[in-house]
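Heads up: the structure comes next, in structure tokens.
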Amino acid sequence: MIYQIYPRSFLDSNGDGVGDLPGIASKLDYLRWLGVDAIWLSPIYPSPMADFGYDITNYTDVHPLFGTLQDLDTLLHKVHQRDLKLILDFVPNHTSDEHPWFQQARSSRMNEQRDWYIWHDPAPDGGPPNNWTSRFGGSAWQFDEQTEQYYLHVYDVKQPDLNWRNPQVRQTMFDVMRFWLDRGVDGFRVDALEVLLKDEQFRDNPVNPLWKPGDPFYTRLLEDYVVDQPGMHAIMQEMRTLTESYSQRVLIGELYLPLERLMPYYGEQLDEIHLPFNFQFVTMPTWEASTIRQVVDAYEAALPEGAWPNWVLGNHDRSRIATRVGHEQARLTQMLLLTLRGTPTCYYGEELGMQDIALPREVMQDPLAREHPEYSRDPVRSPMQWDRSPNAGFCPPGTEPWLPLPADYQQINVAVEREDPHSLLTLTRRLIELRRSTLALTTGSYCPIEGVPDGCFVYLRQASSQRYLVALNFSGQEQTLKLSEMGHGRIVLSTYLDREEPIDLALLRLRSDEGNVIELANL
Ligand code: NOJ
């Protein structure tokens, strides 16, 4: 399992209200206890923090808020000592506007680094060169008074896009990857991959014919000329070749794309991204057994031969799963995540059932919230809840955490849940343990089971003669499953954590929001 840490929010070791690398290092034994395999850190590089680290001023150093390069080396060493892996966030699409490269580029049209970014003359009326919009609101073009051209920013105005058509940019960014791989980092989660190249002719994006007022502002235009442009796969292959020149490293891609455009990122010869993030569960509008099954089946069917799947329930940009589905179903979703075929990613706190926090507009810090508070991502980035002490053990008492803690941290925290044999944390740990020790649940095949009541999703995982049935009841009421053709078995784990017993599959009762993992007897 990959565990995503948002470094600002994991553990503050020095009392400045912001999490840091020594804080993360001090919690590795917790992650090991939980059963994590790899840790992905959101950006830890020097940054003015306009987008909390996704606006970088130096790709080969550590922000003093988080520690030093030495702290990163120490963390890496401790991670490897525990047989864990460390994956860094790599942000190739844009830098900070305060990066020395951009400072150079904007200093004059003649500057050698001018072409490292994407500049364009104004339209004849002096306005932006085309209709492209920023994903954070407003035009994607910012006029530069001094040189009288616009620069492109797909995200915040303080995040100018690099020009990946420039060979020096590519080489420099590949050198950044080498810098970290040489240090022993185990791979990268690559940010905003789908927008890395833009249309060379800068054509207007078409208006989305389905858009209506009230829909998210960033879906008003179709991003036809910004997303997934020709030329991407050659770059992906280069990234992969570089990565493969080191042993045992991984490339994970952030790609919000429909399945038919996502799958090609594995590469025709499986020579591109190892794990193009599968956001099907994150973007699903409704959370119902039938849609979940459809999503799983469609994803499984679309996977190229030999490609390894992956599943994600949430991240630092999207509402937390326990908020989207509620506390009861959060348990079911952990069972789903940890019994499907493919690498699961867990966003910190998901294992506890942490929810989005309520936050007044005045204290929001996310740049997205400036124009669109309803899309603020602050609520999903609140401090990790370690224990019942003031500040939940995230930062020393008397320190103000960078974002507030919710009232429920008294119950929802690591210390309390660790001692509770029925907690979500205990369930998550047991699921990971079971998965790790059961071939059918790790590399076994996936096969959905037909003829189950509405509201239930049931599937078989099988590796040679080992067969496990996963039966999930999302319906909110008791359901009876009649699967006599499955014979007998033994419930090895229930989401209620209260039964492990032999079972005749001719009559399987599932309580409301109950999921079971059942080891089937040989037929
Ligand atoms: C995706 C990241 O996950 C998000 O947090 C960030 O704002 C944008 N990319 C821009 O880097």
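Just so you know, these numbers come straight off a predicted model, no measurement behind them. All values below come from the heavy atoms of this structure, side chains included, with hydrogens, waters and symmetry mates left out. Indexing begins at 1, ligand by ligand and atom by atom, following the structure's order.
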Nearest protein heavy atom to [atom], by residue and atom, and its distance?
| atom | answer |
| --- | --- |
| atom 6 (C) of ligand 1 | D51 OD2, 3.3 Å |
| atom 8 (C) of ligand 1 | Y155 CE2, 3.6 Å |
| atom 9 (N) of ligand 1 | D191 OD1, 2.9 Å |

Open item on the list: Are F217 and H372, when compared by the centres of their aromatic rings, separated by less than 6.0 Å?
Closed with: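 For F217 and H372, the ring centres are under 6.0 Å apart.
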Ligand 1 atoms in contact with [X] (distance to a heavy atom under 4.0 Å):
| X | value |
| --- | --- |
| D317 | 1 (C), 2 (C), 3 (O), 4 (C), 5 (O) |
| R377 | 4 (C), 5 (O), 6 (C), 7 (O) |
| F136 | 7 (O) |
| H94 | 10 (C), 11 (O) |
| R381 | 5 (O) |

Task: Which residues share a side-chain contact (heavy atoms from CB on, under 4.5 Å) with Y218, sequence neighbours left out - done: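 Here the qualifying residues are P216, Y375.
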Side chain or backbone of [X] under 4.0 Å from ligand 1, or both, or neither, by non-hydrogen atoms?
| X | result |
| --- | --- |
| R318 | neither |
| Y256 | neither |
| R135 | neither |

Task: From CA spacing to verdict: salt bridge (charged side-chain N to carboxylate O under 4.0 Å, His left out), R261, E194 - done: CA-CA 10 Å; R261 297 183 85 168; E194 77 269 9; over 6 Å; no
- [ ] Report yes or no: does F52 have a heavy atom closer than 4.0 Å to ligand 1?
- [x]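 No heavy atom of F52 comes that close to ligand 1.
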Task: Separation between CD1 of I56 and OG of S96, rounded to the nearest 0.5 Å - done: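 Interatomic distance, I56 CD1 to S96 OG, rounded to 0.5 Å: 9.0 Å.
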- [ ] Kindly write out the residues that satisfy ring pair (Phe, Tyr, Trp, His ring centres under 6.0 Å) with Y266, not counting sequence neighbours, or none if the list is empty.
- [x]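 Ring pair (Phe, Tyr, Trp, His ring centres under 6.0 Å) list for Y266, sorted by chain: empty.
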Open item on the list: Using side-chain heavy atoms (C-beta onward) and a distance below 4.5 Å, is W311 in contact with Y299?
Closed with: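 Yes, close enough: below the 4.5 Å cut-off.
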- [ ] Quickly, which of V325, T333, V282 forms a side-chain contact (heavy atoms from CB on, under 4.5 Å) with L313? Name it, please.
- [x]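 Of the listed residues V325, T333, V282, the side-chain contact (heavy atoms from CB on, under 4.5 Å) partner of L313 is T333.
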Task: Residue of the set H153, Q142, E98 for which side chain to side chain donor-acceptor pair (under 3.5 Å) holds with K158 - done: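 Going through H153, Q142, E98 one by one, the side chain to side chain donor-acceptor pair (under 3.5 Å) with K158 is satisfied by E98 alone.
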